[in-house]
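Everything on this sheet refers to the single structure shown next.
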Amino acid sequence: MKVLIGYLQYFPEKGNLRSNIEKVNELTKNNEFQILVLPELAFSGYFYTSVQEIRPFIDIGFESPPAVFLKKLSKSKNALILSGFPEGARGHIYNSQYAFFPNGEVRVYRKSHLFYKEKLVFAKGDSGPVLVNYMGVNVGMMVCFDWFFPEFARVLALKGAHVLALSANLVLPGLGQKGMVVRSIENRVFSVLSNRTGMEASSSGERLTFTGMSQITNERGDIITQSDESVEEVKIAEIETDEAENKWVTPLNNIIEDRRVDFYREILDG
Ligand code: ACM
């Protein structure tokens, strides 16, 4: 199955939902795609260090201005759109990713591996790995620091992912970009990394700089499309998802069948 898949990279303004929605609307206006990935916490901004600060931006039940906008965008583009957002549910705040389908369906994945001061604000995700299917394409949902844990991407691949869709706000220079190339190679899947750019300060003045360099990687680990560290843009690539179903790396090596799971028991110990 051939599919046009892409990412959006930009510099969201912390706490300015209206301006961020306008920017995303402008950046997506002239692009055609079937699947689009936006960054982590794509409209609220990232560096909140208390529940109080992030409260005005929490989305409960997909009624927030960004959710209403993304629902409309998904319909008008006839595309699956994935984006990070702060989710309020069950008395907790989760660092989540939602997937909007053109038919109005919404699926949610809650970030499993919290990074740095996210631990002061968010609850650890309880959804487990989520795979969504759109037009025959299996998309594995991931949020930023999840990339660091190869077991997580492996589980998505074992569930049948053709593509890993990572909504990110990466700050450790180069690591997530290299990591996602490896996640693609070791699972023979495509990956889309949507990262943000720019700098953001916490309320105490601590600064984080985000590394951009969003990328699309094929199942052999070739980066087929990449942005630089600061540009704001949408980039699209056509991929053939059948290629992610072929797990043979030589005529005698299938990377799923060749696993020695009897030697991997420690992975399941806490
Ligand atoms: C991250 O998980 N935002 C690095």
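Below, each value reflects all heavy atoms present in this structure, side chains not excepted, and no hydrogens, waters or symmetry copies.
Inspection of the Asn187 and Arg154 side chains reveals an N or O donor paired with an N or O acceptor under 3.5 Å. Between the side chains of Gln177 and Thr211, a donor-acceptor pair is found at a separation under 3.5 Å. Side-chain atoms of Asn218 and Ser184 include no donor-acceptor pair closer than 3.5 Å.
The backbone N or O of Val108 lies less than 3.5 Å from no partner atom in the side chain of Ser96, so there is not a single donor-acceptor pair. Of the possible donor and acceptor atoms, one in the side chain of Lys14 sits under 3.5 Å from a partner among the backbone N and O of Ala201. Looking at Asp59, its side chain never comes within 3.5 Å of a backbone N or O of Pro86 through a donor-acceptor pair. With hydrogens and angles ignored, the 3.5 Å screen pairs no side-chain donor or acceptor of Asn138 with any backbone N or O of His162. Side-chain atoms of Gln97 come within 3.5 Å of backbone atoms of Ala165 as a donor-acceptor pair (strictly under, hydrogens ignored). A donor-acceptor pair is defined here as one N or O able to donate and one able to accept, closer than 3.5 Å; such a pair exists between the side chain of Glu200 and the backbone of Phe47. Looking at Asn246, its side chain does come within 3.5 Å of a backbone N or O of Trp248 through a donor-acceptor pair. Although no hydrogens or angles enter the test, the distance criterion places no donor-acceptor pair under 3.5 Å between the side chain of Tyr94 and the main chain of Ser112. Between the side chain of Tyr7 and the main chain of Ile216, no donor-acceptor pair closer than 3.5 Å is present. Formation of a donor-acceptor pair under 3.5 Å by the Glu232 side chain with backbone atoms of Phe11 is found in this model.
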For Leu175 and Trp147: C-alpha separation, side-chain torsions, deciding distance, then whether side chain to side chain contact (heavy atoms under 4.5 Å, CB included) applies. CA-CA 10 Å; Leu175 292 193; Trp147 77 263; 3.8 Å; yes
Show, in sequence, the C-alpha distance, side-chain angles and deciding distance for Lys23 and Glu26, and conclude whether the salt bridge (charged side-chain N to carboxylate O under 4.0 Å, His left out) test is met. CA-CA 5 Å; Lys23 226 183 207 183; Glu26 197 57 34; over 6 Å; no
Given Thr225 and Ile223, is the side chain to side chain contact (heavy atoms under 4.5 Å, CB included) satisfied, shown in steps? CA-CA 6 Å; Thr225 304; Ile223 295 174; 5.9 Å; no
Check against side chain to side chain contact (heavy atoms under 4.5 Å, CB included), Leu164 and Met180: CA-CA 9 Å; Leu164 303 173; Met180 287 308 285; 4.1 Å; yes
Applying salt bridge (charged side-chain N to carboxylate O under 4.0 Å, His left out), run through Lys111 and Asp146 and close with a yes or a no. CA-CA 7 Å; Lys111 184 175 187 178; Asp146 287 334; over 6 Å; no
Walk me through it: do Glu87 and Ile93 pass the test side chain to side chain contact (heavy atoms under 4.5 Å, CB included)? CA-CA 5 Å; Glu87 180 193 14; Ile93 309 169; over 6 Å; no
Derivation of the ring-ring contact (aromatic ring centres under 6.0 Å, His included) call for Phe85 and Tyr98: CA-CA 7 Å; Phe85 76 109; Tyr98 34 29; 3.6 Å; yes
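Between Asp126 and Arg90 there is a side-chain heavy-atom pair separated by less than 4.5 Å. In this structure, the side chains of Glu40 and Glu118 come closer than 4.5 Å at one or more pairs of heavy atoms. Side chains of Phe210 and Thr197 form no contact here, defined as non-hydrogen atoms less than 4.5 Å apart. Residues Glu186 and Pro150 have side chains in contact (heavy-atom distance under 4.5 Å, counting atoms from C-beta outward). Residues Thr217 and Gln226 have side chains not in contact (no heavy-atom distance under 4.5 Å, counting atoms from C-beta outward). No side-chain heavy atom of Arg196 sits less than 4.5 Å from a side-chain heavy atom of Gln9. Leu80 is not listed as a side-chain neighbour of Ser74, based on a closest heavy-atom distance of 4.5 Å or more. Between Glu238 and Val3, the closest side-chain pair of non-hydrogen atoms is not below 4.5 Å.
In summary, the aromatic rings of Phe149 and His113 are positioned with their centroids under 6.0 Å apart. Residues Phe148 and Phe152 place their aromatic rings such that the two centres sit no closer than 6.0 Å.
Here the closest non-hydrogen pair linking Asp258 and Leu252 is OD2-O, 4.0 Å. When every heavy atom of Leu27 is checked against every heavy atom of Asn31, the shortest pair comes out as O-ND2, 3.0 Å. Shortest non-hydrogen contact noted between Gly136 and Met1 is CA-CE, 4.5 Å. Across every non-hydrogen atom of Ala42 and Pro12, the tightest pair is O-CB, 3.5 Å. When all heavy atoms of Val192 and Gly6 are compared, the closest pair comes out as CG1-O, 3.7 Å.
The distance from the OH atom of Tyr10 to the OG atom of Ser194 is 9.5 Å, given to the nearest 0.5 Å. For the atom pair CD1 of Ile21 and CG of Asn25, the computed distance is 9.0 Å after rounding to the nearest 0.5 Å. Going from atom NZ of Lys124 over to atom NE2 of His92 covers 12.0 Å, rounded to the nearest 0.5 Å. Between Leu208 atom CG and Ser202 atom OG the span is 7.5 Å, to the nearest 0.5 Å.
The other members of the hydrophobic cluster of Ile267, by chain and number, are Val261, Phe263, Tyr264 (side-chain heavy atoms under 4.5 Å, ILVMFWY only).
Among Tyr46, Tyr48, Phe43, the one residue that satisfies the ring pair (Phe, Tyr, Trp, His ring centres under 6.0 Å) test with Phe57 is Tyr48. Between Val163 and the options Val189, Ile35, Ile5, a side chain to side chain contact (heavy atoms under 4.5 Å, CB included) holds for only Ile5. For the side chain to side chain contact (heavy atoms under 4.5 Å, CB included) test with Leu38, the passing option among Ile81, Thr28, Leu82, Leu73 is Ile81; the others fail.
Connection of Leu8 to Val231 is not established within any shared hydrophobic cluster, with ILVMFWY side chains joined at heavy-atom distances below 4.5 Å, either directly or through further cluster members. Linking ILVMFWY side-chain heavy atoms closer than 4.5 Å, directly or via other members, places Met142 and Val181 in two distinct hydrophobic clusters. In this structure, Leu172 is a member of the same hydrophobic cluster as Leu193, with clusters built from ILVMFWY side-chain heavy atoms closer than 4.5 Å. Residues Phe145 and Met213 are members of separate hydrophobic clusters, defined by side-chain heavy-atom contacts under 4.5 angstrom among Ile, Leu, Val, Met, Phe, Trp and Tyr. Both Leu36 and Ile224 sit in one connected hydrophobic cluster of ILVMFWY residues. Membership requires side-chain heavy atoms under 4.5 Å apart, directly or through other members.
Heavy atoms of other residues, nucleotides or ligands lying less than 6.0 angstrom from CD of Glu151 number more than 12. Heavy atoms of other residues, nucleotides or ligands lying less than 6.0 angstrom from NZ of Lys75 number 12 at most. Heavy atoms from other residues, nucleotides or ligands lying under 6.0 Å from CD of Glu32 number 12 at most. More than 12 heavy-atom neighbours from other residues, nucleotides or ligands sit within 6.0 angstrom of CZ on Arg259.
A salt bridge does not link Glu243 to Arg188: none of the charged side-chain nitrogens sits closer than 4.0 Å to a carboxylate oxygen.
Ring geometry for Tyr134 against Phe101 counts as perpendicular: the plane angle is over 60°, on a 0 to 90° scale with 30° as the lower cut.
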